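In what follows, a single structure is set out as structure tokens and then discussed.
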Amino acid sequence: MKKVVRKRLNMTGIMLDLNGFKAINDTQGHSVGDQALISAAEIFRRGVEDLGIVIRYAGDEFIIMINSQDDIDISTCMSNIRDGFQEFNKNSGASYKLSVSMGFCKLNLDAISVDEFLNEIDSRMYEDKKAYYAKNTQVDRRRS
């Protein structure tokens, strides 16, 4: 029997979660929430360009798989996405603001399983989310 050799994938996963999305649905309705998801997905797509693919994972969570493990490529995609949200908030005229928390991990299936990979990008995304809310809660306290 011939041994199957698995080709090493040079991919990186980025998990993304919209900050405050539930509030958009709760206060402005699901049709506005749907439009927010569409806008976010477009920002993700433009941020990734032809380097990867955007996948809706669950609710307001997305995963981007990019065809690179290069730190500059990863940083560029994430910066493009953050810039896209800033541009959206400045120019869209929408009744809501969008922001995102992100976490990434380079895929190495020789070292971790797919489940471990998903748990890792999820954990890193939640660290970013905690930092986002800690920062924005402090800003809100200073304003009051």
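Computed from a predicted structure; not experimentally measured.
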*Would you mind reporting whether Cys77 and Ile64 have side-chain heavy atoms less than 4.5 Å apart?*
no
Enumerate donor-acceptor pairs with a distance under 3.5 Å from any side-chain N or O in residues 12-24 to protein atoms, sequence neighbours excluded.
from, atom 1, to, atom 2, distance (Å)
Thr12, OG1, Ser68, O, 2.6
Asp17, OD2, Lys129, NZ, 2.7
Asn19, OD1, Ser101, OG, 2.8
Asn19, OD1, Lys129, NZ, 2.6
Asn19, ND2, Ser99, OG, 3.0
Asn19, ND2, Ser101, OG, 3.4
Lys22, NZ, Asp26, OD2, 2.5

_Please enumerate all residues that pass salt bridge (charged side-chain N to carboxylate O under 4.0 Å, His left out) together with Glu42, with sequence neighbours excluded._
Arg45, Arg46
*What residues form a salt bridge (charged side-chain N to carboxylate O under 4.0 Å, His left out) with Lys130, not counting sequence neighbours?*
Glu127
For [X], all residues meeting side-chain contact (heavy atoms from CB on, under 4.5 Å), sequence neighbours excluded:
X: Ala131; answer: none
X: Thr27; answer: none
X: Gln35; answer: Ile38, Ser39, Tyr96

*Would you say Gln69's side chain and Met11's backbone share a donor-acceptor pair under 3.5 angstrom?*
yes
*Sort and list the pairs that fulfil salt bridge (charged side-chain N to carboxylate O under 4.0 Å, His left out) and have at least one residue in residues 50-64, not counting sequence neighbours.*
none
_Pairwise salt bridge (charged side-chain N to carboxylate O under 4.0 Å, His left out) hits with a residue in residues 88-105, at least two apart_ = none
*Nearest heavy-atom pair of Phe85 and Ala40: which atoms, and what distance?*
CZ-CB, 4.1 Å
Please answer: with hydrophobic residues joined when any side-chain heavy atoms are less than 4.5 Å apart, are [X] and [Y] in the same cluster?
X: Ile72; Y: Met102; answer: no
X: Ile74; Y: Met125; answer: no
X: Ile63; Y: Val48; answer: no
X: Leu118; Y: Leu109; answer: yes

Roughly how far, to the nearest 0.5 Å, is [atom2] of [Y] from [atom1] of [X]?
X: Tyr126; Y: Ile121; atom1: OH; atom2: CD1; value: 12.0 Å
X: Ile66; Y: Glu49; atom1: CD1; atom2: CD; value: 11.5 Å
X: Asp73; Y: Asn67; atom1: CG; atom2: CG; value: 10.0 Å
X: Leu107; Y: Asp110; atom1: CG; atom2: CG; value: 9.5 Å
X: Leu37; Y: His30; atom1: CG; atom2: NE2; value: 11.0 Å

*Name all pairs fulfilling the side chain to side chain donor-acceptor pair (under 3.5 Å) condition that reach into residues 76-89, sequence neighbours left out, sorted by first residue then second.*
Arg82-Asp128
*Output every pair passing side chain to side chain donor-acceptor pair (under 3.5 Å) with a member in residues 112-125, not counting sequence neighbours, ordered by first then second residue.*
Ser113-Glu116, Glu120-Arg124
_Heavy atoms from other residues, nucleotides or ligands near CD1 of Ile55 exceed 12 (cutoff 6.0 Å)_ = yes
*Could you note down all residue pairs passing ring pair (Phe, Tyr, Trp, His ring centres under 6.0 Å) where residues 51-77 supplies at least one of them, sequence neighbours left out?*
Phe44-Phe62
